[in-house]
Amino acid sequence: MEPAQPADRAPTDATPPDGQPPVRPTAEATPPAGEPALVEPTGPVPAMDAGEHPAPPARKEKARSERSPKDMALSLLVLLVPIALLIAFYRGFLGGETPVTVDPAPAIEQARAANAFPVAQPRDLGSDWRTVSARYQTEPGGGTLRIGYLTPEGRGAQLVESNVPAEKLLPAELSGGQPQGPAELPGGVSWQRYTARGNEQALVLLEPNRTVIVVGDARESELRELATALR
């Protein structure tokens, strides 16, 4: 006769009585206390291709981000030195800051050959006045001679001579500038002071067969010098 087993203990013999099918357990055995239960994956496990490899740690990127300020300054210096050498060569050997001057004689001769109006040109201007542009062109209503100068103070001035009607020429050249009164230049010629575009100012001489304009951002004293030098 076998001893009685405790009520909470499962019988060791799972064989059913005669004539009955064997009974399979419906639940998995509970793991011992303190040990995690094993969980089977419920979905398909992605397979790794034969050519794939785990990505290596981003050591290079980390190293780049940890560059010292000294390294960055040296890299910047390597870029700036060639630029500084090019600028020095451009200024010292190629005259990079020297304005390009032109000879106004061909444009003046062309205007005189057209015989559209009496052509005047500056006389006895100092060598520090540099001619930077000169052009004569015909247009509807007449012809226009334009000569650009760089003044001794490094500012711009332009001489305009034309037989285009003043009511058309002045708005185009002075951007709607208005008269400001007589300029009172020596020689008894009736020059008028005008406003012009931006910070420019102008001296205007109105004659029956031509209009002469001296305009620019130069000082008024330099504009007067250019105007009185016309012969």
Side-chain angles (χ1 to χ4, degrees), residues 90-91 93-180 182-231:
Y90 176 71
R91 291 180 176 178
F93 295 94
L94 301 181
E97 294 187 348
T98 303
V100 178
T101 59
V102 300
D103 182 9
I108 294 174
E109 291 301 324
Q110 185 180 0
R112 286 176 175 165
N115 199 26
F117 53 86
V119 177
Q121 68 180 99
R123 303 287 187 181
D124 302 326
L125 280 178
S127 59
D128 46 0
W129 283 79
R130 287 163 287 187
T131 307
V132 294
S133 65
R135 183 181 60 174
Y136 175 78
Q137 64 180 23
T138 59
E139 51 193 293
T144 303
L145 172 66
R146 293 182 176 87
I147 304 177
Y149 296 92
L150 191 65
T151 71
E153 294 186 2
R155 297 176 179 269
Q158 186 178 51
L159 169 64
V160 180
E161 300 180 53
S162 177
N163 66 335
V164 174
E167 59 271 15
K168 179 181 178 182
L169 180 68
L170 293 180
E173 298 294 332
L174 305 182
S175 297
Q178 299 298 320
Q180 303 296 308
E184 298 180 356
L185 296 181
V189 183
S190 301
W191 288 86
Q192 299 290 322
R193 295 170 50 249
Y194 272 71
T195 57
R197 65 180 68 90
N199 62 338
E200 296 183 348
Q201 53 188 337
L203 300 174
V204 177
L205 176 62
L206 298 173
E207 294 182 339
N209 54 353
R210 72 170 180 175
T211 300
V212 182
I213 303 173
V214 176
V215 60
D217 63 352
R219 296 180 183 272
E220 185 176 348
S221 59
E222 291 184 317
L223 297 180
R224 287 171 173 266
E225 181 180 357
L226 178 58
T228 55
L230 293 175
R231 300 289 186 274

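Between the Glu161 side chain and the Ala120 main chain, a donor and an acceptor come within less than 3.5 Å of each other. Judged purely by atom type and a 3.5 angstrom limit, Arg224 uses its side chain to pair as donor or acceptor with the backbone of Ala183. A donor-acceptor pair under 3.5 Å links the side-chain atoms of Arg231 to the main chain of Thr228, judged by distance alone. With Arg130 contributing its side chain and Thr101 its backbone, the two residues share no donor-acceptor pair below 3.5 Å. Side-chain atoms of Thr195 come within 3.5 Å of backbone N or O of Gln178 as a donor-acceptor pair. Between the side chain of Arg210 and the backbone N or O of Pro118 there is at least one donor-acceptor pair closer than 3.5 Å. With hydrogens and angles ignored, the 3.5 Å screen pairs a side-chain donor or acceptor of Asn163 with a backbone N or O of Gly143.
Note that the CG atom of Asp128 and the CG atom of Leu150 stand 10.0 Å from one another [nearest 0.5 Å]. Distance check, rounded to the nearest 0.5 Å: CH2 of Trp191 to CG of Leu223 gives 10.0 Å. One finds the CG atom of Leu203 at 9.0 Å from the CG atom of Leu226 (value rounded to the nearest 0.5 Å). Atom CD of residue Glu222 and atom CG of residue Asp217 lie 9.5 Å apart, to the nearest 0.5 angstrom. A distance of 3.5 Å separates OG1 in Thr144 from CD in Glu139, rounded to the nearest 0.5 Å.
Side-chain contact between Leu159 and Val212 is present, with at least one heavy-atom pair separated by less than 4.5 Å. Residues Leu205 and Leu230 are not in side-chain contact: their nearest non-hydrogen atoms beyond the backbone lie 4.5 Å or more apart. In this structure the side chain of Glu225 reaches within 4.5 angstrom of the side chain of Leu125, judged on heavy atoms. Within the 4.5 Å cutoff, no side-chain heavy atoms of Gln201 are placed close to those of Gln180. Contact annotation: the side chain of Glu200 never approaches that of Ser175 to less than 4.5 Å [non-hydrogen atoms, C-beta and beyond]. Using a 4.5 Å heavy-atom threshold, the side chains of Leu170 and Ile213 count as touching.
Heavy atoms only, all atoms of each residue included: Ala107 and Tyr136 are closest at O-CB, 3.8 Å. Counting all heavy atoms, side chain and backbone alike, Ala134 lies closest to Pro104 at CB-CA, 3.7 Å. Between Arg197 and Glu173, the shortest heavy-atom distance links the atoms NH2-O, 2.5 Å. Considering all non-hydrogen atoms of both residues, Thr211 and Val164 come closest at OG1-O, 4.5 Å. Closest non-hydrogen pair, Ser133 versus Val102, comes out as N-CG2, 3.5 Å.
Taking the six-membered ring for Trp and thresholds of 30 and 60 degrees, Tyr149 and Trp129 have ring planes more than 60 degrees apart, a perpendicular arrangement.
Crowding of Asn209 atom CG: a count of heavy atoms from other residues, nucleotides or ligands under 6.0 Å exceeding 12.
A salt bridge links Arg219 and Glu153; the closest N-O separation between the charged side-chain nitrogens and carboxylate oxygens is under 4.0 Å.
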